[in-house]
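Structure, as structure tokens:
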Amino acid sequence: MNLSRTATALSLIGAAFIIYVGVSYVLTPASMAPQFGLPEWPQGDAVAFLNLKGIRDITSGLIILALLAVRQRFALGVVTLVIALNPLGDMVTVLSYSGSTATALGVHGLTAVLVALTGALLLREQRARTAGAPAVAQ
């Protein structure tokens, strides 16, 4: 599988996964919250905060799909690197609030690395394409 196909596959898998997670937080927030890694989760009206997390996740996935659809691969690479800050922030939050270290590192940390890797592959693909292009006369 070439670089472009690998980056596309990782982008699609990432988008599908985070949209699934987001929809799950919107539809069944109480069942999803314990899997996040924090020792406690909101109760009662505070559960609305889990819906906000779900909307953030759905939006992140849709941004990836939109940039793929309009073939803006360089922009997708940049945005994907920025999106990697979400799971990194989640990891730091879980660790800061005495949550599960295994979940913080194994879920959020690994996700941040994979998302950043996908962004780096997309940017590398663009550099490889540019390097192979003929020089433009000025």
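Remember, it's a predicted structure, so these values are computed and weren't measured experimentally. Along the sequence shown, residues are numbered consecutively beginning with 1.
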Query raised in the report: Is the CZ atom of Arg56 crowded by more than 12 outside heavy atoms at less than 6.0 Å?
Result: yes

**Report entry** Distance, nearest 0.5 Å, that separates CD of Glu40 from OG of Ser98
**Finding:** 10.5 Å

Query raised in the report: Are side-chain heavy atoms of Thr111 and Asp90 found at a separation under 4.5 Å?
Result: no

**Report entry** Within-4.5 Å side-chain heavy-atom neighbours: Arg124 and Leu3
**Finding:** yes

Query raised in the report: For the side chain to side chain contact (heavy atoms under 4.5 Å, CB included) test, which of Leu68, Leu121, Val115 pairs with Ser11?
Result: Leu68

Report task. Write down the atom of Gly37, the atom of Thr103, and the distance for their closest heavy-atom approach. Result -> CA-CG2, 3.7 Å

Query raised in the report: If we only count heavy atoms from C-beta on, is the Val26 to Leu50 side-chain gap below 4.5 Å?
Result: no

Query raised in the report: Could you give the distance from CG (Leu88) to OG1 (Thr93), rounded to the nearest 0.5 Å?
Result: 9.5 Å

**Report entry** Shortest non-hydrogen contact from Gly61 toward Ala15
**Finding:** O-CB, 3.6 Å

**Report entry** Which atom of Ala84 lies closest to which atom of Ala116, heavy atoms considered
**Finding:** CB-N, 3.8 Å

Report task. Please report the closest heavy-atom contact between Arg73 and Ser4, naming both atoms and the distance. Result -> NH2-O, 3.1 Å

Report summary line: Between Met91 and Gly109, the two heavy atoms sitting closest are SD-CA, 3.6 Å

Query - Cluster link Ile18 to Val82, ILVMFWY, side chain under 4.5 Å - result: no

Query raised in the report: Going hydrophobic residue to hydrophobic residue with side-chain gaps under 4.5 angstrom, can you get from Val23 over to Leu62?
Result: yes

Query raised in the report: Under a 4.5 Å side-chain heavy-atom rule over Ile, Leu, Val, Met, Phe, Trp and Tyr, are Ile83 and Ile55 clustered together?
Result: yes

Query raised in the report: Applying the 4.5 Å side-chain criterion to the ILVMFWY set and letting contacts propagate, would Leu38 and Leu95 be lumped into a single cluster?
Result: no

Requested in this report: For residues Ile64 and Val79, determine if any side-chain heavy atom of one lies less than 4.5 Å from a side-chain heavy atom of the other.
Outcome: no

Query raised in the report: Lys53 versus Val21: any side-chain heavy-atom pair under 4.5 Å?
Result: yes

**Report entry** Plane angle bin for Tyr25 and Phe36 - parallel if under 30°, tilted between 30 and 60°, otherwise perpendicular
**Finding:** perpendicular

Query - Hydrophobic cluster membership, Val94 vs Leu105, 4.5 Å side-chain cutoff - result: no

Report summary line: For Thr28 and Ser31 the tightest heavy-atom approach is O-OG, 3.0 Å

Query - Identified side chain to side chain contact (heavy atoms under 4.5 Å, CB included) counterpart of Leu67 within the set Leu122, Leu76, Thr80 - result: Leu76

